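Down below is the structure, laid out as structure tokens.
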Amino acid sequence: MTPMNPTTPTTTRPDAREIEALIAAHPRWSGITPDAVLRMRRQNQFRTGLDIARYTAGILRRDMAAYDADPANYTQSLGCWHGFIAQQKMISVKKHFGTTKGRYLYLSGWMVAALRSEFGPLPDQSMHEKTSVPALIAELYTFLRQADARELGMLFRDLDAARREGDIARERQLQHAVETYQTHVVPVIADIDAGFGNAEATYLLAKKMIEAGACALQIENQVSDEKQCGHQDGKVTVPHEDFIAKIRACRYAFLELGIDDGIIVARTDSLGAGLTKQIAVSTRAGDIGDLYNSYLDCDEVADLSSQNGDVILNRGGRLMRPKRLPSNLYQFREGTGADRCVLDCITALQNGADLLWIETEKPDIDQIAGMVDRVRAVVPDAKLVYNNSPSFNWTLNFRQQVFDAWSREGRDMTAYDRARLMTVDYDETPLGREADERIRTFQRDAAARAGIFHHLITLPTYHTAALSTDTLAKAYFGEAGMLGYVKGVQRREIREGIACVKHQNMAGSDLGDDHKEYFAGDAALKAGGSHNTMNQFAA
């Protein structure tokens, strides 16, 4: 069965006739019913990761076109480090908004390193196993597909009940719900770090990630074996030709596997990266290698005899010695980060990238827009994926932005101390409320002004897991005891309609019962009888 477009109703009837004919042609297949096969196929409409990658790439491409037509059509995602987290996120999105349109998943290399490596918790330096990334992509989609199977299974049960009761109107309503069902399967933007090695290594890993279901790969221009988290110091970039080779490697991986519209997100860390491991090859003045080298911090050389073992560049007829550190790295001139970012972005888009990612040190719309405007002067449809990072202190940054803006306007700021802007005392002040409003509208405003098509938070569920666990531990191990769990967790789950309050159902027990009935008929020993304690949550 072809995976359906979420906005296009499909019917299962032609499939039903094919299955009926198939079963009729095999009279020894006792007990196999067309309806059960139809339901199982409907519950598993994506048979391979490549089916998922092909389907979700189409979603992303349509969303990109919609954004080009109107920046109000920006998209969002949250980083997920486990399939269950991804599943619960998309169940929540469907519950609250009725559709998954414009909402994706992000797979963060940071969270893979910190939470999913067999070495234990690691920093974001590409030290985790390569295979852990495609394994997590596959896990995310396993849980999303299970969410489909579970929800459709409940619709099928309700449909059977309506038929037993002779409620024709209800039966038609439920049949329509099945035929127009929107899957929980959404695009994943997956972090391939700096490619985990040379271009061949990048290509091999990209294939594994695409085969697992990834339609969008995010790759950065740092040196693979010196890779650092974008919000840490010591970042080292590579010359453009090296990065272009890895972009090509990702494209070849998509094309080899038949994902013709796969998406490549080219990330530049140049704004915060002051180092390079190598000097770019240049064959003529003004080529891409020469432009890269032009940002190196150099001293003019007058006497070559005193430069033993040094590298010397010819820059406009002048001999220049790039400043080399004891680590054998070369440094760029101070203040060139934005210019290098712009060059990185233009070069990446001109060589096959689809989207850009500029890693910044703070969430500042004017700073981002200043660079994007320069990129769009060369590539008019340039679009960004932007990290709304937990590494930023959002409260402090936006209170500082408001404080500085109001100061420039000549307002009386005597009620505020810029050094103490994080204090709770400012929460309900005009400045605090204005900062919060700017945070609230940041994504909308940045989409309109700074070319940001996709807003993501890389590590949110890392932090929410820690916060919720702290809250529960404080209450449960304290005076509240069991009330700490009941009041803080279960009662809220029930009243807020959190699906996994019925955790047996969420884990697949009802699906298993359906299959037992298909396989064994009346002899099936099912778990969902009257003595199942999950019945306590029926109301």
Side-chain angles (χ1 to χ4, degrees), residues 1-16 37-64 66 75-78 80 82-107 136-159 173-190 210-216 259 261-263 454 499-500 505-508 510-511 514-515:
M1 182 182 294
T2 302
M4 69 180 191
N5 184 319
T7 61
T8 305
T10 62
T11 176
T12 57
R13 302 321 304 161
D15 212 16
V37 175
L38 266 174
R39 290 183 174 188
M40 293 175 80
R41 286 192 178 184
R42 190 70 185 84
Q43 289 170 294
N44 184 29
Q45 61 176 314
F46 300 100
R47 297 176 183 175
T48 70
L50 290 178
D51 290 336
I52 292 172
R54 194 171 295 110
Y55 167 74
T56 54
I59 293 175
L60 221 164
R61 290 289 178 181
R62 289 190 294 274
D63 287 349
M64 289 164 65
T75 57
Q76 301 166 291
S77 66
L78 295 173
C80 299
H82 193 280
F84 178 73
I85 300 296
Q87 178 196 68
Q88 293 305 302
K89 174 195 163 184
M90 298 320 301
I91 287 175
S92 177
V93 166
K94 283 189 70 176
K95 178 182 76 172
H96 290 295
F97 305 104
T99 178
T100 60
K101 183 172 175 55
R103 282 90 176 191
Y104 309 158
L105 298 176
Y106 179 67
L107 188 155
L136 179 53
I137 296 169
E139 178 182 292
L140 297 179
Y141 282 124
T142 295
F143 274 80
L144 293 181
R145 291 161 65 201
Q146 193 262 5
D148 282 356
R150 168 188 166 273
E151 200 167 86
L152 281 163
M154 292 190 293
L155 285 173
F156 292 144
R157 286 174 174 233
D158 290 344
L159 182 61
Q173 179 188 39
L174 289 165
Q175 186 63 44
H176 179 74
V178 170
E179 292 178 350
T180 60
Y181 180 79
Q182 185 184 50
T183 177
H184 292 84
V185 170
V186 297
V188 165
I189 297 176
I210 297 162
E211 288 168 342
C215 72
I259 313 301
D261 54 358
I263 290 89
H454 185 73
C500 72
N505 167 271
M506 184 59 66
D510 290 340
L511 279 172
D514 292 340
H515 292 167

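Not measured: the values here are computed from a predicted model.
Residue Ala212 comes nearest to Ala138 through the heavy atom pair CB-N, 3.9 Å, listed as atom of the first residue, atom of the second, then distance. Ile137 approaches Ala190 most closely through the heavy-atom pair CD1-CB, 3.8 Å. Closest approach of Ala216 to Leu60, counting heavy atoms only: CB-CD1, 3.9 Å. Across every non-hydrogen atom of Ala53 and Cys215, the tightest pair is O-CB, 3.4 Å. When every heavy atom of Gly98 is checked against every heavy atom of Gln182, the shortest pair comes out as O-OE1, 4.1 Å. Pairing each heavy atom of Asp63 with each of Lys101, the nearest pair is OD1-NZ, 3.4 Å.
At least one side-chain heavy atom of Val37 sits under 4.5 Å from a side-chain heavy atom of Arg41. A 4.5 Å side-chain heavy-atom check between Leu144 and Leu105 finds at least one atom pair inside the cut-off. Considering only heavy atoms from C-beta on, Ile52 comes within 4.5 Å of Arg145 through its side chain. Within the 4.5 Å cutoff, the side chain of Arg61 has heavy atoms near those of the Ile263 side chain. Side-chain contact check for Gln43 versus Phe156: some heavy-atom pair is nearer than 4.5 Å.
One finds the CG atom of Asp51 at 9.5 Å from the CG atom of Asn44 (value rounded to the nearest 0.5 Å). Rounded to the nearest 0.5 angstrom, Arg103 CZ and Ile59 CD1 are separated by 13.0 Å. Here the CG-CD distance, from Leu511 to Glu151, works out to 11.5 Å after rounding to the nearest 0.5 Å. The line from CZ of Arg150 to CG of Leu155 is 10.5 Å long, rounded to the nearest 0.5 Å. For the atom pair CG (Leu50) and CZ (Arg54), the distance works out to 6.0 Å, reported to the nearest 0.5 Å. Note that the CG atom of Leu107 and the CD atom of Glu139 stand 9.5 Å from one another [nearest 0.5 Å].
Here the two rings, on Phe46 and Tyr141, have centers that are 6.0 Å apart or farther.
At least one donor-acceptor pair under 3.5 Å links the side chain of Arg157 to the backbone N or O of Asp510.
Considering Thr56, Thr100, Asp148 in turn, Asp148 is the only one that fulfils the side-chain hydrogen bond (donor to acceptor under 3.5 Å, both in side chains) rule with Thr183.
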Without placing hydrogens or testing angles, list every side-chain donor-acceptor pair under 3.5 Å for residues 85-92, not counting sequence neighbours.
{"residue": "Gln87", "atom": "NE2", "partner": "Phe143", "partner atom": "O", "Å": "3.1"}
{"residue": "Gln87", "atom": "NE2", "partner": "Gln146", "partner atom": "OE1", "Å": "2.6"}
{"residue": "Lys89", "atom": "NZ", "partner": "Tyr104", "partner atom": "O", "Å": "2.1"}

*Take Met154 and Asn505, measure what side-chain contact (heavy atoms from CB on, under 4.5 Å) needs, and give me the verdict at the end.*
CA-CA 10 Å; Met154 292 190 293; Asn505 167 271; 4.1 Å; yes

